[in-house]
There are 2 protein chains.
Amino acid sequence: MVLTLQLPPGAALSENELAASLGVSRTPVRESLILLAQEGLVQVFPQIGSFVSRVDPAQVADAQFLREAVELAALDDLPPDLDPAVLKELRDNLERQQREGLGLEEFFDLDEAFHQGLMRLSGHGNAWTTVAAAKGHLDRARRLGLYENASPAVFADQHREIFDAVAGGDVSLARTAMRTHLRAVFSDIERIRAHSPELFATDSSTVPVRRNVVVWE
Amino acid sequence: MVLTLQLPPGAALSENELAASLGVSRTPVRESLILLAQEGLVQVFPQIGSFVSRVDPAQVADAQFLREAVELAALDDLPPDLDPAVLKELRDNLERQQREGLGLEEFFDLDEAFHQGLMRLSGHGNAWTTVAAAKGHLDRARRLGLYENASPAVFADQHREIFDAVAGGDVSLARTAMRTHLRAVFSDIERIRAHSPELFATDSSTVPVRRNVVVWE
DNA sequence: CGACAGGTGCTTGTATACAAGTACTGTCCG
DNA sequence: CGGACAGTACTTGTATACAAGCACCTGTCG
């Protein structure tokens, strides 16, 4: 729910409320929040509250750098003979990406699977897991970008370009295409930030505080 | 204690024992184990027990790939003017690495600080945090390697070589030196594994079981 | 009218009790 | 002699009670 922005950045999370709505006690909720906090998706302030972390442009940049470094290195490490099973999987994936009427969340799943498959071609599928765990802020920024212009077609075309270069054995072209593709996120972010500044962190030293609010029951 | 091998790979961890020896209740112990489990340093088997994970050569290779990709990419991203404060810090660090009678743990701390400082030169100090969290298996393998031959001098020389290339602006040489340095780990691992196979994972499908043992009180 | 102390209601942090499951051991029974 | 079976001692998983602290509200006193 944090990743899909159903819980928006900045939202307050109460362990008690979550426990009640999920029908469990605070313990498993709390243990889950600890894991989310380690990924940087949730911030816990003792005696104050837990919050969905705002999208931090610095953390987005960090994740972008990490991801680009790893994916480009994987391209350099491609073996001469590519696994045909994975190639077929990637082709099927690409075809589904270009279907009409594709939902955004479905596209994200395909996107994720595509990049992971690419890593598996060079035998580094497990390294993708680490990257995936570190790029929570990046993913949320990407979602914000797609919610704005809602045109996954451009990205699908870029995916095909990368795949064709990889399948054709042109590592240099693949690297260029991958770099262009991954950096497309940045051009989106500033636009989103002008649109919805409340979703982004400005000063990391600001901490949230509790407010008593009165609502109609 | 897991990273420094004071708790050896394969050791059984009891939440109750840890809680008693640390003077706290199971709750904070358990929450800590969850974090260690996410880093892959501890494995928890429900209703069976928790164990320090054995060094998994596959995970060592994954961490090595990730680390190499990130550190080499950082070298490519060095700005023309390097921060003099960080340069001084690195120089001091190098000098201390070559002191006589340096303890192994002290060397590891200097090693870690050196690589992190190198990343900060290109403004990617935060990305190092993610790499550091993912390379627990790698670090344990490196410690095993150093406990065997106990000659950090070679690595200290390699560090100086990398630094001189960076300070001299020769990115290509820096890349080569860094790659050689990072891959030195692999040559060590097989030797260690022949020596102490019980520290390494062989088949990931094997799970530990409980045994009732009788000990003298 | 203003300052201040205490009460209230929330938050997360910790301790503890109990539940569910595993593995071994001794005993009973055929 | 061998197998079924209850009992024991441990494991982790979950629920719950209490502790410590923050922010606000409110009554009281000057």
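Residue numbers begin at 1 in each chain, while the letters A, B, ... track the order of the sequences. Excluded from the calculations below are hydrogen atoms, water molecules and symmetry mates; all remaining heavy atoms, backbone and side chain alike, are included.
- Ring geometry for B/H159 versus B/F107: interplanar angle under 30°, hence parallel rather than tilted (30 to 60°).
- A stem is defined here as three or more consecutive Watson-Crick or G-U pairs, each with both distances under 3.5 Å; for DNA chain D these stems are C:1-30 with D:1-30.
- Ring pair A/F51/A/F45 is perpendicular by interplanar angle, where above 60° counts as perpendicular and below 30° as parallel.
- Spacing between atom CD1 of A/I48 and atom C1' of D/dG21 amounts to 9 Å, rounded to whole angstrom units.
- Taking the ring axis of B/F163 as reference, the NZ or CZ atom of B/R91 does not stay both within 45° of it and closer than 6.0 Å to the ring centre.
- Counting only distance, with no hydrogens or angles, the side chain of B/E39 and the backbone of B/L36 share no donor-acceptor pair below 3.5 Å.
- A donor and an acceptor atom, one from each side chain of A/R140 and A/S53, are located under 3.5 Å apart.
- For A/Q47 and C/dT12, a side-chain-to-base donor-acceptor distance below 3.5 Å is present, hydrogens and geometry of angles not being considered.
- What separates CD of B/Q43 from C1' of D/dT12 is a distance of 15 Å, to the nearest Å.
- Rounded to whole Å, atom C1' of D/dT11 lies 13 Å from atom CZ of B/F45.
- Nearest to the side-chain atoms of B/N16 among the listed nucleotides D/dT11, C/dT11, C/dG13 stands D/dT11.
- The stretch residues 24-41 of chain A touches DNA chain C through A/R26, A/R30, each having a heavy atom within less than 4.0 Å of the strand.
- Between B/L13 atom CG and D/dT11 atom P the separation is 11 Å, expressed in whole Å.
- Remark: side-chain polar atoms of B/D62 are not paired, donor with acceptor, to backbone N or O of A/N126 under 3.5 angstrom.
- For the 3.5 Å distance criterion, the side chains of A/N93 and A/Q97 qualify, holding a donor opposite an acceptor.
- Listed for the B/H137 side chain is a donor-acceptor partner under 3.5 Å among the backbone atoms of B/D56.
- Contact annotation: A/S14 does not reach the phosphate of C/dC10 (side-chain N/O to OP1 or OP2, under 4.0 Å).
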